[in-house]
Each structure stands twice: as C-alpha cells, then as structure tokens.
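Okay, so here's the structure we're looking at.
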Amino acid sequence: MQNKFGLKDFVLMVLVVLVGVFTLLNIKEGDRRWEKTQELLNKVGTVEQQVAKLDRNFKENQAVTQDVLTKIDDVGAQLSNLESMLASGELRIDPSARPSIQGSADTRSRSSESWARPGGVPIQWQPRIDFASAPYGMEGYRIGGEFTEVFGAQLSKLTPVLAEDTYARRINDQICESLGDLDPVTLKMRGLLAEAWQYDPEGYWLRVKIRDNVNFSDGVEVTAEDVRWTFHDYINNPELETEALRSILTSIEKVEVISEKVVEFTFNQPDAYNLQAALGIYILPKHFYIQLTPSQINQSTALSMGSGPFKLSNLDVDNQWAPGKDVILVRNEQYWGPKPALDTMRFKVIIEDIARLTEFRNSNVSMIGPSSPQFSKVSREEGWEDFAYSLNWANMRSGYGFIGWQCGPRNGKLTPFHDKRVRQAMTLIIDRQLIIDDIFNGIGSVAVGPNNPPSPAANPDIEPWPYDLERAKALLAEAGWVDTDNDGILENERGDEFTFEFTRVAGSQTTERIQKYLVDQCAAVGIRCEPRIVDWSLYDQILKNRDFDAIMMGWAASSPESDPKQIWHTDSIQNQGHNFIQWDAGQDQYIDKIKLTLDFDERMKVFHQFHSLIHEEQPYTFLRVGPWLRFINKDFKNVHTYPKGLEQREYYYAP
Amino acid sequence: MGVYILRRLLLMIPTLLGITFLVFMLIALSPGGIGAAMSAGDGQMEETSRAIKEAYLEDRYGLDASAPVQYVRWLGRISPIKFGQRDQVDPTGEFIQLPKPVKVPPLWHWYVDELPVAQIPEPYQWSEDDTPESKSKAYRRQANLYSKARSRLISGRALLDTELGKAIDDLGIKKARDKKGKIKHEMLDLVRDQIEATEYIDEINRLGHDLIGYYQDALNEREKLMAVFNAKPYPEAGFGIFPGISISKPDMGKSFSKSRPVMELISEAIPVTILLNLIAIPIIYFIAIPSGMLAAVRAGGVFDRITGSLYIALWSFPIPLAGVLMIGYMANNDYLLGVFPASGLHSSASDEFTYLPSTVDGVWQRGYLLDTLWHVVLPVTCLVYGGFAVLSKQTRAAMLDNFNMDYVRTAKAKGVAYKDIVFKHVFRNSLLPLITMFVSIFPAMLAGSVVIEKIFTIPGMGNLVIESINLKDRELLLANTMMIAAVNLLALLLADILYSLADPRISYK
C-alpha cells in the first residue's frame, strides 16, 4: 500500500498553514493593540498627574485667596476703625505726608534689577520673543496640520550635544532652547530664555537673568540650576560622549548659580565669541536626565527634551525612536512663547534624489532640498508655481567653494603662488560667473571672501575680481613669468616652466568640469595645469603635510561670523593647522583684534578690513556661494526666507 | 556524520579569526586608519580643541593602540571565555569593566626625577545597611571622579603635544612625527637640547609639570575606584570556572560612529533585509526552476528561446537604472502605474493603522501588514528580476545533462511515464547544482543589497555594512564581517549535508 501525496492532502496542508498564519497575525494584531493601549494609558497617566498638579496649585491659590480675603477683611475693619477715629477727631491727616505714586514705581523697577552685579555695568534687557512674521489673523489661519521635512541621509542619533550633525540640530532646534539665539532677520544675538544679561566690558563674566515664565515641555520651570547642570554635569561630564562640544567650550571656566533665576558665566580670557558660546548652549532639564545612568544617555537614540515649541512624540526611555523610522515632533502645548500653528513636524529620510522629488510631487512630503539641476528644471515646469514655493537664497549657513593656492613652501620648495600677483592673475583667468551659469545651472553667486552676504562680516564695498585675461597676463609678466622660448608655456628668469598640480576630490562631476575649465584657461595664458584626482579620505593627510600646489575645497558655514582664527591665522600654519596654504601677509593683527573686540559694530569694522586684505592677497580664489534650495508645498502659508534660514514654527496649514 | 559536522564546526573558529583579522588589518592599514571618520567634519575647529577632542576619542575607544593590539582586545571581549578579573553587570544590563589603567605621561623624566606612585587606599567595605542602590551610587560617584581626573590628564597631554608640535615644526624635524602627524616622543629625547632652545620651552615645562600633577591625581582616583570595584557593588557577570577564568556572554561592543551597541544595530537592520529576501527568493525559485525545467523538456523550442533571451536581458539590466525608472514611473501619481510608494517601508500614517486590514468608521484601511507589503513591491521587484537567468539556465543545463544519460533511455524503454521520468528521475538528479546555488544566495540574503537599500531608503544590512566600512567603525565592521563569514561557512556546511541527502553516493565517513 503506497501513500500517495494527493490533491486532498495538499489542500489540507495549505489550510492548516493558512490557519496557522492567521493565528500568528492575529496575535501580532493583539500585541499591537496592547502596545497602543499602554501608550494611551501612559499618556492618560501624565495628563492625570498634570491635572492633579493644577488642582493642587488651584487649592493652594484658593488658600492664598482665602488668606488675602481675611486680610482684606482685617484691613477693612481697621479702616472703619480709623474712619470712626477720624470722625471722632482722635486723628488728623497731614496732607504733605502722602506718599508719591512716582516714587513707588521707582522702587519697583530698582528691585527688579537687584539681581544685577553692582558696579554699573549696563543691563541689556531683551524684548519679548515674537515671530518674525506673525501668522495670526492671516487668511485661512488655523491650528493644525503636519509638516514633513525630508533629509538626504540617515541620522543615527538625536540626543542633544551627543548628536551634533546638522540634521540632529535641525530637529533639536525645535525641541530645545538656549539662553539666547540669533534674530532671524538681523542675525544679532537676542535673549530667548534670557530676559536680560550683563556682560563685563572686559569680557571676563556674563550674568544672565532667566525669564520668569519659561518652562520645559513637562511643565517644570527652567532655573539657573538647569543651566549650571547642563554645562558642568552634562557637557563637561567626561563619562558622557560630549567630546565634540566639550573641546570647543574650553573658554568657559565655570557657571555659577546666583539665585533661582540668575546665573553667571566666568570666562578664562576675553573673546568676542564667548557671548555666543555661553548663550548658545541648549539648556536641558536636569530633573529628566538625572534619572539616567551615563551609559543610558550615551547609548540613547532620542532623549531630547527642552523648552522649545515642539516636543518629541515619544520620550519613552525603554522604547526610543530607532534610526530608519520617522522622527515625529508634536506641538508643545505648554510652550511659554508664541505658539506654532502646526500640530506635528515629521522628519523623514529619503536618500535617492528622484524618490525625494517623486514623494514631493505626490504631496507625501512638505519640503525637500532639490539638487541644482532638479531645481532649475522643475521650477520652470508649467503649473509648478501654483503647487510649490521654489526658494533659492543665500543665508548664514551657506558655505563657499574655493581653490586654495600654496603660498608657502611645498616639500621645502616655493610654488609660483607665493607671489600675490600670480594669485591675482589666477583669479582673473577664472570666469566664476560662467562657472556658475554653465556648471551650476545659474544657481549661486560669486563668492567675495571668507564671509559673504548676508553676513554682516562681509565688506559691502568689495566687488569680486573681474574676468580679464589681458590683465592676468600683465600681472604674470610683472611677476617674472614670460614665454621666452616661444613654446606657449611661461618661464621665469631661471627658465623654469610654469607648471602646477591641481588637486581635487574624485567622484564629483562638477569639480571635474571645473578642473577641465581651469586647465583650458591656464593653457590660454601659458600655464600648464596638471590635475591630481584623489579620494576624499586622503585630503586630511594632504592638507596636514601641505602637499599640494593648488587644491579645490569648500568650507561650510554655521554662523554669520565664523572665527577666522582656525583657517587664516599664522598660528594655524604651525602644528598642521588649517592654514594649510601657509599664507602669511600680516593678517594676524586683524584676526587677533577681531577676537578681542567685544562690541559688535566695532568688530564688523575690523572684519571688513580683514576682508579687504584677503581680497587684495587672494590666498584663495573664492568660487561660489552655494545657496539653499528648497521646494515647499503651497498648502503651507506664511513661508518666508530669512538670513538665518527658515522658520517652520510660523507656518500654518491652509490647503 | 556527527563527527564530521563537529570537526567542520571546530575548524570554523580559526577560519573566522583569519577572516576577521584580514579584514580588520586591511581597513586599519588603509589611509586614515580606524576611526578616521570620527575626526572628519571638524575642519573649522581650533587646533587645540581638535587635539583635545581627538585625545578624548582615542582614549575612549582605545584608538591609540596599534592595530593588532586593538584586534586582540576585541577578541578578548567577544570570547565567551574570559581571563582575569570578572566584569560586573549593573541593573540596566551594562557591563562594568575593570577601570582602565592610567598611562604614563610621555617624557616625564624631563620634569621630574621619579614618577609619582599611587596612594593605596584602605580596602572598601560595605556597611550592613548598604542597599544595591547605595552601592551603585558609591561606585558611580567614584567612577565620575576618576573619569574627571583622567580627562584632565588626557587634555593636559594633548595640550603638551600641541606645544611640542610647534617646537619641532619650527625646528623642522620631520622625523619626530609619524604618518598620521602624531608626535613620536622617543625621537624627542634625541633633540631635547634643540627644543630647549626654542621659545616654547617655558610653556612646555609648565604644561609638563601640570601633567605630572594630573597623573598623580588620576592614579589616586583610580586606586580608589579599584577599591570600590573590588568590593563588588554589582553582581558579577557570567560564572567562574577557575580563579581568573570565567565564562560570560560575548560582548560585541559599541559602534563608535553611532555610539550604540552593535548587536542592537544589527538586530534592527536584519529583520528588514530578511523580510525583503524572504519574499524575493521564493519568487525567484518558483519562477526560475519550473521555467528552466520546461525549457529543458522542450529544448530549442519557442518557450526555451523566449525565456532564455528574456531572462538574459533582465539579468543584464542594471539595478540602479531599474530602481530609478521604477520610482519615476511606478511611484509618480501622475502616471497610470504610479500607485506604489517611492521610499521607506511604511506610510506616514501607518502608526495609526491596525495590524490587519480593517474598516474604521466605514472606511477600509489597508492595515500595517498590507502597508508594508505594498511598500516592498518595488524593492522586491528590483531584487527579483535579475535572478531568473542564472537559476533557470542552471536548471535547464543540469536537466539536459541528465536527459542524455543511459538511465533515462532505459526508463523510457521500460515504458515509464514521461511525467515520472522528468520529475522523479531527471529533476531529482539535477538538484545538486541547485543546492550549490542556494548556498551562495543564502549568505547574500543577510548581507543585503546595498544599491536597492540606497535607492528605496530601506534601513537594512547593506547600508549598515557599507557604513561600517566607510566610517571605519571597528566594532561594527568586525561584527558584520564575523556574521557574514559565519553565515557563509554555515551555508557551506549545510550544502555539504544537503549533498549527502540528495545524492546517496556522497558520504562523509
């Protein structure tokens, strides 16, 4: 008897498998429901706690009110007593003894300055925080809506200070707040959590008064202790992986709590950047982080909590956000400042360019950063105007691309570029506007120097060098480079041909096209340019060893006036610093002065002089300022571009 | 057979060590070396800040040791057999290791005649009413003190090195730096006179004396911490066999580019990759093998020619282009076919979905499960379309070989039904090459497909592996290598076992 596997058996087997699979799926479904219920229960728990807190406050207030009422009754009784005494003539009023109202107001304002350090250092009161463009009352304004922003690379961590990349900062800027931040329009420091500060004219201390009504997203008040703790026990805790910020903030010696709302910073030495450093630290809630062990914080992915307009939708220590999922922020209903209209902000990662654009077209995401070709092509499409804002603007975070010329020796031998006339000539032969128009689809502007508009540190009087081959040839001849043997290549007096090596990074189409253009332009004036194409990982070593004649790179920007010391000071020539072009032309006087000038306007003047020197010397040929490119869905209103960037908290959703 | 499998399994250990060592050394010796990516991006940092940051990172991850030493340390951590003092486990599950030793400051004999020695504190004793919490608190407090003292020592050392660097650069002594620009202190002894003549010597001496002070502090704090550690504030990890030897859970360590446990990262990425492949591989097999069989049965016929050329055409079509085209035409709502999502594994709203499809308030909702399946359609298509060619050609070739065998002719002559000849005789005998194929596909499953993951933004293993190589992340890289290598070796073993099952002539005695 042979047991054959027939159709009946097959059907039966399939049925059994199907039942199994369905049972399994149902179990999963049940688990998911249970998780959701747990989440809801947690939320209800927090709400209950807060209600209880409110209730307690209310009761306390009631008690206080009772107290006040009885006191008023007392006062009333006494008054009637007095009245009867007056009436009976036991008392007489002397009109000159009436206290003046003016005087009492004086004492009040003086008492609110009692926190200040005596010695007559002026207090800088900060205005109330408001939107740069307030959306209230605009057409179709309403609360609600979700704004989805897209990142082009996976972010691995959100926890503030531990994660310091631009993406994490974008998100944390919505969650956490610092004592001060830059005004989006003027780019000047303004008080955020700080109501006022006193800054030592010598630059050794800074006393800050925190606003009275500011609280973290769980309702706990922001106090001076939070500031001290953030600096000393979070950023400067060697057990935490906060090295990146810790090694920069070395100029702050200590932070002291003066009173509940007053804190004082002490600096090692005066420096124009101290104010920004001290006021720019995210203030974190001590009561939240102190429950965690150092390794829990180190290994966390998203433990971000602060006092900002949004908060993380999930702040569960045991079940944190994991990379690969969307980051979701919800409106902080307890926010102390102007409240945003949007309900949620979602941050999504889409690595592929085309997928980003497709998702934007499908209205699945609200904002993307398109590539230059995408931007110039798509923004001209018919009907695009009605669908999306196409934003293209330079702001304080726009970096610049450049070619650095080796002004010092390479392997003990001077390059032709040690002569500033040669460097000027090199800039003259590069038509930067043409590069922008042809290679970058017309997007961007010619860079004028290390700081570019809208930065106030850029000298407004400086015009970029023109494109002028004849003048370049004249300058080269002046520097001693003439074609004596008529072979088309310039020589100096010793008969050395003008040849140089141009180092660029491999794998980028735009740099390849710029390199080809440069080779052609050099040939046109009789210079031989030999490209050297290297992998990005080798750049560090090449720069450290100063092993190049000319190198193409870019610098990113993060603030309106970056400290020029690291890149330009002659100290940075030593010790493999970042003055890798070894440029030394008396710039130190300006750079040192910039660091010591605490007054903003004065400092900008020195910046402008420094800019003029760089313009004259051309240690770099400044190529292009890369603007920000953004597409934003037109369902969102009140969209403006600012020198600081974008302010999503002002947007509202009105399809 | 059992002995054979055991022998193979034991042989895997040295093979794995060899593979991980080779891969690690290759990465370590490439320009930049291990951990190079960590210091990328601080271009505009001041020199001293950068030096201090690098010193902190080097100390935290032990990057200042030579590559083979780093490898051996890693081996020590992942080995289930531990030597020396046992780790302790705190309530959050973290391993508390013996406090790191303090390094002797370089060139100390320039500043003092004798190195300071640690003051040995009294052995730490818990009192009767110490709870686990208070013990933990005592340990944490001392650990914090030690790490502060240690961090002062490290930054002091970095500052001194910066100053020494200025001096030797001024003097133009190139030999005093290694390839990465690090100062070789043993070289400096030879040029001490020259350095003493430079303007930096006052600062160097000041920093040097500070450093000796920091060293003393760090030594003392470490001894105190050792005392607390020896009093065992936490339960010990694993169990001891002999004094000094214990068995404990292997610790794969922490990725330093993401500062999270490696196992956590892998366990997040692997299910995604397995999901994709669990759908893709059966599809490949269910289409390729039957069509290969059919092509063999009707060799030279229309079906054979059409599938043959079609599969080859698909196989030669580049995946990146196919992915981009699919996103362009099958994900863009402006087109008829554009109904699929362009990226990710879930819709934005999927958090609110039920798991199974359901109707909520009269509206049909696809549910979490269907949503996920709908999202993997395009990536799976990309994974699948190129896979038909090789498999179906293999099946076809193996079947044709067998068709020409004598036993087939005998069977035919005997009058066996054609169906039985094809399925029972020829197909079964053609299984061997298919098993080999499966073995090569199975490990690839875990490694993931980098290109497809990039195009569709899927957080799978492929991305993780590539990132670990690009960022030269030691722990992540070694764990990935080890896992992929182990799966490959296991797959080879599995193949050999399957051979013997499929072909009775093969035996491993």
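The chains referred to below are lettered A, B, ... by the order of the sequence lines, with proteins before strands, and numbering in each begins at 1. Quick caveat, the model's predicted, so the values are computed rather than measured.
Residues A:E352 and B:S343 have side chains not in contact (no heavy-atom distance under 4.5 Å, counting atoms from C-beta outward). Residues A:K157 and B:K258 have side chains not in contact (no heavy-atom distance under 4.5 Å, counting atoms from C-beta outward). B:N332 has its side chain within reach of A:R361: a pair of non-hydrogen atoms, C-beta onward, lies under 4.5 Å apart. Residues B:R150 and A:P238 are not in side-chain contact: their nearest non-hydrogen atoms beyond the backbone lie 4.5 Å or more apart. Residues B:S348 and A:N364 fail the side-chain proximity criterion, which asks for heavy atoms closer than 4.5 Å.
Interface summary for chain B: among A:L538, A:T250, A:T293, the most heavy-atom pairs under 4.5 angstrom belong to A:T293. The candidate from A:G577, A:S572, A:A322, A:S300 with the greatest count of non-hydrogen atom pairs under 4.5 Å with chain B is A:G577. Here B:V324 is the residue among B:V272, B:D170, B:V324 with the most heavy-atom pairs under 4.5 Å with chain A. When the candidates B:I52, B:L345, B:T92 are compared by the number of heavy-atom contacts under 4.5 Å with chain A, B:T92 comes out ahead. Among B:N463, B:I327, B:I183, the residue with the largest count of heavy-atom pairs under 4.5 Å with chain A is B:I327. The greatest number of non-hydrogen atom pairs below 4.5 Å with chain A, out of B:E467, B:R260, B:H346, is found for B:R260. With chain A as partner, the option from B:G328, B:P261, B:G338 having the largest number of non-hydrogen pairs under 4.5 angstrom is B:P261. Your options are A:D165, A:I573, A:V349, and the one with the most heavy-atom pairs under 4.5 Å with chain B is A:V349. Chain B forms more heavy-atom pairs under 4.5 Å with one residue of A:R346, A:E29, A:K348, A:R33 than with any other, namely A:E29. Most heavy-atom pairs under 4.5 Å with chain A, from the set B:S151, B:P459, B:S259: that is B:S259. Residue with the most contacts toward chain B among A:K544, A:E359, A:Q154, A:E241: A:E241 (heavy-atom pairs, distance under 4.5 Å).
Here the side chain of B:T457 pairs a donor or acceptor atom with the backbone of A:I351 at under 3.5 angstrom. For A:N362 (side chain) and B:N333 (main-chain N/O), a donor-acceptor pair under 3.5 Å exists by modelled atom type. A donor-acceptor pair under 3.5 Å is formed between the side chain of B:S49 and the backbone N or O of A:S247.
For B:K100, the NZ atom sits in a packed shell: over 12 heavy atoms of surrounding residues, nucleotides or ligands are nearer than 6.0 Å. No more than 12 heavy-atom neighbours from other residues, nucleotides or ligands sit within 6.0 angstrom of NZ on A:K28. The number of heavy atoms from other shown groups lying within 6.0 Å of OH (B:Y329) does not exceed 12. By the 6.0 Å contact criterion, CD on B:Q97 is enclosed, its count of non-hydrogen atoms from other residues, nucleotides or ligands being greater than 12.
The line from CE of B:M330 to OG1 of A:T358 is 13.0 Å long, rounded to the nearest 0.5 Å. Summarising the geometry, atom OH belonging to B:Y56 is positioned 9.0 Å from atom OG1 belonging to A:T242; distances are rounded to the nearest 0.5 Å. A distance of 8.0 Å separates CD of A:Q296 from CG of B:D90, quoted to the nearest 0.5 Å. Between atom CG of residue A:N236 and atom NZ of residue B:K148 there is a gap of 8.5 Å, rounded to the nearest 0.5 Å.
Interface residue A:P294: only side-chain heavy atoms are found under 4.5 Å from chain B. When heavy atoms are compared at a cutoff of 4.5 Å, A:D233 approaches chain B solely by way of its side chain, counted from C-beta outward. For B:I455, the parts lying under 4.5 angstrom from a heavy atom of chain A are both the backbone and the side chain. Interface remark: B:R177 contributes side-chain atoms only to the contact with chain A (heavy atom separation under 4.5 Å). When heavy atoms are compared at a cutoff of 4.5 Å, A:I328 approaches chain B solely by way of its side chain, counted from C-beta outward. Heavy atoms closer than 4.5 Å to chain B are found in the side chain of A:R246, but not in its backbone. Heavy atoms closer than 4.5 Å to chain A are found in both the backbone and the side chain of B:A143.
Residues A:S295 and B:E94 share a closest heavy-atom pair of OG-OE1, 2.6 Å. Counting all heavy atoms, side chain and backbone alike, B:R60 lies closest to A:L240 at NH2-O, 3.0 Å. The two atoms that bring B:S257 and A:S156 nearest to each other are O-OG, 4.4 Å, heavy atoms only.
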Query raised in the report: Which is it for B:K254 and A:N298 under the side-chain contact (heavy atoms from CB on, under 4.5 Å) test, yes or no, and what are the steps along the way?
Result: CA-CA 10 Å; B:K254 250 172 63 177; A:N298 282 339; 4.1 Å; yes
Query - Candidate pair A:K325 and B:E268, rule side-chain contact (heavy atoms from CB on, under 4.5 Å), full reasoning - result: CA-CA 11 Å; A:K325 288 187 182 153; B:E268 269 168 23; over 6 Å; no
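A cation-pi contact, defined as under 6.0 Å to the ring centre and within 45° of the axis, links A:R32 to B:Y368.
Residues B:N144 and A:E239 bring a donor and an acceptor atom of their side chains to less than 3.5 Å of each other.
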